[in-house]
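Residue numbering restarts at 1 for every chain, and letters A, B, ... go by the order of the sequence lines. The figures here come from the full heavy-atom set of this structure, side chains too, leaving out hydrogens, waters and symmetry mates.
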Amino acid sequence: MQCLWCHEQIMHETSWKNLLLLDGKALLCQECKSKMEVLSGKCCSRCSRITNEEVCSDCRWWEKQSVEDPLMFNHSVFNYNAFMQELIAKWKYRGDYFLGNAFKEPFVKSFRKKFTFLEKNAIAVPIPLSTKRLTERAFNQAQMLADFLPIETCAILSRKHGEKQSKKTRYERIFTKNPFAINETINNPVVLVDDIYTTGTTLRHAASLLKEHGCTRVYACTLVRG
Amino acid sequence: MQPKKAPPDFTNQQLAKRFSGKLLLRNEIPLNEALFQKLCSANLFTPSKSIKRKKLSNQCQRCNNQKQSLFAAIPCQSCKKTHLYCRNCIEMGRVMECEALYLWSGEAPIWPSLEDPCSWIGKLTNVQQQAANRIVNAIRNKEKELLIWAVCGAGKTEMLYPGISEALMQGKRICIATPRADVVRELLPRIKSAFSSTEVAALYGGSPDKDATAQIIISTTHQLLRYKEAFDVLIIDEIDAFPYHADQSLPFAANRSKASSNTTIYLTATPRSEHQKQIRQKKLPHIFVPVRFHGKPLPVPLFKMCFDLRKELKSYKPPTAFLKWLDHRKNPKRRLLVFVPTIKLADKMKDNLTQILIDKQILSSNDSLCAVHATDPDRKEKVELFREKKIEVLLTTTILERGVTFPSVDVAVLDAGHIVFDEAALVQISGRAGRSPDDPTGEVLFFHDGKTDAMVEAKNSIISMNKRGGFS
């Protein structure tokens with residue numbers, strides 16, 4: 001088995017643990033794996049941003065914007081370091097679908113740890129791509145992440161075509177109109193799933209739409225905190 | 001609002017120039033869907049399968065990848081089926097089983113035949129002229145292959161001019177392929193000014209000219225993956241260089257890009273053993289150019305033992321022997337090109353070295369030392385600054401081992417015994433010194449903590465090339 005990223009041969013260590021638990025195959029080599037930086041320690045409790053404060057300045061700003069922030073909190077698994085940027089660029093923009101499987105194990109593990117309180121009827125909702133972008137990329141990276149999770153996935157949102165988020169400035173991102181539409185109403189608690197949390201606007205647009213249509217609580221679980 | 005412009009109508013000849021000889025994905029053909037469909041139904045574009053499924057393996061039709069680990073399945077939202085895509089050439093745009101590769105099958109492009117295409121006014125030395133004549137003959141007689149073995153700084157590019165002129169006079173299409181994007185960028189202005197009435201295009205990852213319609217193409221070997229039966233004359237620079245000899249798909253791409261009657265010219269200063277063997281067995285015609293264009297011998301590297309090298313490098317400090325040498329350089333006015341084996345070392349040693357050099361008054365300011373490596377986004381600019389003598393010291397990994405010319409430098413290799421410095425790399429690195437006729441010598445020092453075979457062989461091979469060049 002070769003590392004999905006650097007194509008070096010992966011050396012498997014045989015231990016009692018992976019012998020007895022039949023661990024899944026490692027997709028990345030140890031060295032590449034070690035370059036992925038799991039967020040831990042001092043992070044904002046609302047958005048996972050690295051900070052010493054309990055709630056970061058961005059999230060306090062969001063709180064002032066409306067009576068109630070539509071998003072309970074966002075949980076991100078990784079820091080958006082240079083290596084993560086390269087990985088995500090290849091996965092998402094070059095379209096190397098299979099590379100996404102490298103995130104499965106840490107993503108699920110982190111989700112289970114953070115969302116222990118979640119009811120059984122909770123539903124994962126991936127942030128959608130516009131039809132045009134979906135045909136271009138051939139897969140939705142958020143859908144792939146949502147499918148990893150141990151709860152049911154429902155793709156109930158759709159998106160009108162627009163400029164790529166990553167091409168916009170911070171100001172443009174925060175003050176854009178809600179680009180989403182809802183196809184089906186549900187009143188279960190929802191975990192929104194996306195690859196990157198940058199300003200939090202996208203997720204809040206989706207969250208407020210879900211709440212308007214009867215969702216009780218909306219959380220977010222994202223791969224990286226941008 | 002301005003009224004929308006009608007789509008420009010292309011003549012078949014224009015389209016032929018743009019698309020003939022290329023094997024492209026639909027999204028690499030910048031034509032609107034209506035026009036594209038029209039061209040397809042007129043059989044001007046022929047689609048072909050992008051991934052062939054065989055009994056036991058699959059094969060990417062663009063990069064020839066046949067390794068099963070470099071194919072993966074994708075549940076495609078575009079065609080709603082799960083199928084394969086190629087992970088090997090994905091940096092060039094994803095090849096998916098549900099999308100075809102398109103080949104131009106319309107009329108052949110007609111390139112102008114010029115009477116006197118070469119606008120270069122320099123003069124070749126006798127030795128260069130001999131090699132140049134040999135190349136002209138090879139092209140005139142449609143010989144298949146010719147290897148030019150020329151020492152670093154022999155003036156390989158200039159030697160090509162008469163051959164390129166000959167090809168242009170016959171209305172042929174020419175490609176100069178080289179493994180590194182830096183070299184493509186360096187060659188472009190030189191070739192442009194040498195053939196000012198011919199169109200020249202440069203292709204490398206991220207190059208502005210994607211749609212190269214020119215008669216002369218300067219390209220990285222990777223970009224050849226988009227060509228099929230295109231070039232009458234293919235010149236492969238640095239045939240021995242990584243990644244050409246390491247990545248199987250590159251020789252495949254080079255081979256496919258040749259037109260049916262083609263002349264291929266290989267250039268190298270340090271032929272790999274398989275080529276040397278072919279030369280000895282007289283299976284590969286070759287010509288040897290043992291003298292630099294300014295007529296002076298190649299600088300022979302000096303070995304300097306550093307007992308504390310491991311310790312010093314561990315704390316990212318330059319070796320003591322290196323600092324000692326700095327005080328006793330023959331010509332302290334020369335600028336310094338320092339090679340280190342790893343990116344990490346280049347990055348981390350930068351600040352230490354800057355401080356020491358400022359204390360020694362070799363550097364005037366913090367900005368006159370730069371570190372570059374393959375993943376450095378500013379590498380283009382830094383190399384340019386060093387070439388223009390705007391910075392004094394350049395700390396680099398092996399990415400600058402070949403193809404680049406800096407006037408008047410001394411060269412130091414720190415940890416020359418490291419595995420990345422093989423014989424060819426060390427010969428090439430030594431060849432960076434003494435390239436300018438105003439200052440045709442330069443010091444080359446290998447700092448090491450134990451001689452390796454590669455170092456000894458590199459030194460011997462430089463000495464023997466000097467001997468063949470008539471120096472003793």
Side-chain angles (χ1 to χ4, degrees), chain A residues 1-10 25-29 31-32 34-35 81-104 126-148 153 155 158-159, chain B residues 25-30 33 50-51 58 60 62-63 65-100 205-206 222 225 242-243 246-249 342-344 347 373-378 419:
Chain A
M1 189 66 196
Q2 276 153 346
C3 171
L4 276 186
W5 181 254
C6 67
H7 304 299
E8 289 293 319
Q9 196 70 33
I10 301 177
K25 272 190 210 153
L27 295 176
L28 293 182
C29 68
E31 195 178 338
C32 290
S34 70
K35 287 193 236 164
N81 61 10
F83 180 65
M84 213 59 197
Q85 284 180 34
E86 282 179 51
L87 265 179
I88 290 184
K90 190 164 184 197
W91 173 48
K92 184 166 135 181
Y93 298 122
R94 305 265 92 162
D96 194 354
Y97 171 83
F98 194 72
L99 191 59
N101 288 319
F103 304 128
K104 183 174 180 179
I127 295 294
L129 293 177
S130 67
T131 325
K132 183 166 175 252
R133 190 83 65 224
L134 188 62
T135 347
E136 234 171 66
R137 287 202 189 140
F139 73 99
N140 175 2
Q141 71 280 0
Q143 174 85 46
M144 187 174 184
L145 288 172
D147 289 339
F148 290 156
T153 304
S158 58
R159 185 190 209 126
Chain B
L25 293 166
R26 173 65 186 97
N27 62 21
E28 291 168 335
I29 303 171
E33 194 55 31
S50 57
I51 294 176
N58 304 301
C60 172
R62 182 168 67 182
C63 72
N65 166 32
Q66 296 180 45
K67 261 196 197 158
Q68 292 322 293
S69 62
L70 290 175
F71 285 104
I74 178 170
C76 178
Q77 295 293 311
S78 170
C79 72
K80 311 288 179 208
K81 278 188 190 136
T82 296
H83 56 64
L84 297 176
Y85 70 98
C86 176
R87 296 191 69 231
N88 186 51
C89 58
I90 198 162
E91 290 298 327
M92 307 272 300
R94 182 177 53 194
V95 170
M96 293 207 294
E97 212 177 357
C98 69
E99 288 175 358
H222 272 106
L225 281 173
F242 180 86
D247 186 346
Q248 298 263 311
S249 61
T342 60
I343 292 178
K344 197 169 163 195
D347 267 341
H373 49 76
T375 51
D376 186 346
D378 303 324
I419 191 143

J.: With distance as the sole test, does A/Arg94 use its side chain to make a donor-acceptor pair with the main-chain N or O of B/Met92 at under 3.5 Å?
T.: no
J.: Can you find a pair of side-chain heavy atoms, one from A/Phe98 and one from B/Ile74, that are under 4.5 Å apart?
T.: no
J.: NZ of A/Lys90: more than 12 outside heavy atoms within 6.0 angstrom?
T.: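 Counting other residues, nucleotides and ligands, NZ of A/Lys90 exceeds 12 neighbours.
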J.: So with a 6.0 Å cut-off around CD of A/Gln85, is the heavy-atom count from everything else above 12?
T.: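 Result for CD/A/Gln85: enclosed.
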J.: I'd like to know whether CD of B/Glu91 has more than 12 heavy-atom contacts from other residues, nucleotides or ligands below 6.0 angstrom.
T.: yes
J.: With a sphere of 6.0 Å drawn around NZ of A/Lys35, does it hold more than 12 non-hydrogen atoms of other residues, nucleotides or ligands?
T.: yes
J.: If you count heavy-atom pairs within less than 4.5 Å of chain A, which of B/Pro75, B/Cys86, B/Cys76, B/Ser69 leads?
T.: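 The option with the most such pairs is B/Pro75.
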J.: Could you go step by step and tell me if A/Leu4 and B/Arg87 meet the side chain to side chain contact (heavy atoms under 4.5 Å, CB included) rule?
T.: CA-CA 10 Å; A/Leu4 276 186; B/Arg87 296 191 69 231; 3.3 Å; yes
J.: Looking at side-chain heavy atoms only, is the closest gap between A/Gln2 and B/Leu70 below 4.5 Å?
T.: no
J.: Looking at B/Tyr85 and A/Tyr97, would you say the former's side chain and the latter's main chain have a donor-acceptor pair under 3.5 Å?
T.: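 Side chain of B/Tyr85 to backbone of A/Tyr97, a donor-acceptor pair under 3.5 Å: yes, one is there.
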J.: Give the member of A/Asp96, A/Thr131, A/Asn140, A/Thr135 that has the highest number of heavy-atom pairs under 4.5 Å with chain B.
T.: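 Option with the greatest count: A/Asp96.
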J.: Is any side-chain heavy atom of B/Asn27 less than 4.5 Å from a side-chain heavy atom of A/Glu136?
T.: no
J.: Okay, side chain of B/Arg94, backbone of A/Arg137: is any donor-acceptor separation there less than 3.5 Å?
T.: yes
